[in-house]
Amino acid sequence: MSENQVDEKIEQKLYSDDNLDVSIYKCPNCGGEAVFEPKEQKLKCLYCGGLFEIGNLATTKERDLDELLSEGQVWDEADVYQCKTCGAKEIISSGEVSHKCSFCGTSNIVKSEELPGIKPQGITPFKIDKFGASASAVKWAKKKFYAPRAFKKSVKAEKIQGLYNPVFTFDALTQNLYNGKLGKRYTKHVYRDGKMVPVQEVRYFNISGYQEVTFDDLLVQASNAIPAQFINQIAPFPTKEAVEYRTEFIRGYGASTYNKSGKECWEECKSLMHRRIESQILKRYDYDIKVALNIDTKYLNEQYKYILVPVYVGHYNFKGKLYNFYVNGYNGKVGGKTPVSKLKIFFTVLLVLIGIASIFLLVEFT
Ligand SMILES: [Zn+2]
Ligand SMILES: [Zn+2]
């Protein structure tokens with residue numbers, strides 16, 4: 001990164017001082033705005049480059065699930081903004097005004113009346129910076145054979161923005177009583193028309209038993225701003241390393257608002273657990289067909305964490321359509337959809353057809 005790039009970044013972030021009401025985000029040296037710096041895990045002044053410690057970082061502790069439904073602490077040092085261009089909602093720490101929409105990159109964002117809701121109890125701070133994230137995204141884009149060249153060239157740090165994503169993680173010990181019916185295929189030889197012939201048969205058998213399955217930090221997204229399929233592509237997030245939430249970590253970043261309640265997320269988590277319990281039970285048997293499996297699950301020691309995980313959101317406009325890609329802000333994994341070049345597909349299909357035609361000709365005339 002050149003000096004010029006740094007200066008440019010600083011220029012973009014300049015804003016008038018009278019909006020700053022929270023003095024702890026001011027640089028003690030020059031009074032400038034400080035934002036979170038992932039590489040140093042410290043606050044960094046955008047004017048003089050000074051670095052400041054964020055204080056002691058305790059690991060977040062799980063809470064009992066009973067508390068999930070009770071009112072949490074209100075998140076009052078942040079505001080909700082909405083993008084007038086694409087509609088995305090974003091939580092930004094109070095007093096920070098120079099912000100662009102993470103999803104479409106426009107500055108067309110306005111403060112909304114909506115409240116940020118419940119304050120997250122923990123946060124996994126960004127570990128890699130914008131430049132590291134864009135380097136990963138460039139590598140990813142280059143591997144996308146059908147993506148247009150213009151897209152691959154457009155993946156740049158300026159088009160990437162850090163956005164924290166709210167998630168719930170759940171722990172539980174499950175005790176499962178089960179019964180069911182499975183089938184196993186086998187080959188039987190029967191005497192038919194004067195000779196022995198093999199016949200496929202299924203042997204059915206009943207199962208029943210007890211299985212304990214423990215879950216630790218099972219992740220459920222509380223926001224649907226980033227589609228679940230893409231979050232899965234860039235997972236995992238080191239939720240075990242989440243520290244207690246502090247607003248310093250979101251300085252210079254946004255956070256998505258949540259649109260699923262803790263209760264809804266717990267229900268979603270239970271169906272995730274159910275699928276895993278089922279596969280654990282079935283692993284015990286040698287079978288080919290599942291006829292029935294009933295599981296009676298008892299949940300114990302249920303605990304949760306409501307935390308923010310780091311994602312860089314990249315945007316790209318291609319033929320009037322907005323495409324987003326996502327980079328895990330901790331390990332640099334990239335996911336998302338790229339536009340597709342129709343020309344490249346056309347030539348691939350053409351090549352395949354020529355290939356088939358030549359094989360046909362070879363077979364025919366040799
Ligand atoms: Zn400073
Ligand atoms: Zn937008």
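Bear in mind the structure is a predicted one, so any value in this text is a computation, not a measurement. Remember, it's 1-based here, ligands and their atoms both numbered in the order they're listed.
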Report task. Without swapping roles, check the side chain of E241 against the backbone of P238 for a donor-acceptor pair under 3.5 Å. Result -> no
Check this for me: does any side-chain nitrogen of one of [X] and [Y] sit under 4.0 Å from a carboxylate oxygen of the other?
X    : Y    : result
D216 : K240 : yes
R185 : E201 : no
K42  : E37  : no

Query raised in the report: Tell me the salt bridge (Lys or Arg N to Asp or Glu O under 4.0 Å) pairs involving residues 283-293, sequence neighbours left out?
Result: K184-D286, K184-D288, E278-K290
Query raised in the report: Which pairs pass salt bridge (Lys or Arg N to Asp or Glu O under 4.0 Å) with one or both residues in residues 301-310, sequence neighbours excluded?
Result: E62-K305, D217-K305
Query raised in the report: What is the number of protein N, O or S atoms that sit under 2.8 Å away from the Zn ion (ligand 1)?
Result: 4
Requested in this report: Mind checking how many protein N/O/S atoms fall short of 2.8 Å from the Zn ion (ligand 2)?
Outcome: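 Those protein atoms number 4 in total.
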Query raised in the report: In a check of ring pair (Phe, Tyr, Trp, His ring centres under 6.0 Å) between W266 and each of F170, Y304, Y306, which one passes?
Result: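 Filter result, single survivor: F170.
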Requested in this report: Classify the angle between the aromatic ring planes of F205 and Y285 as parallel (below 30°), tilted (30 to 60°) or perpendicular (above 60°).
Outcome: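 Tilted: the ring planes of F205 and Y285 meet at 30° to 60°.
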Query raised in the report: Counting heavy atoms not belonging to K159, are there more than 12 under 6.0 Å from its NZ?
Result: yes
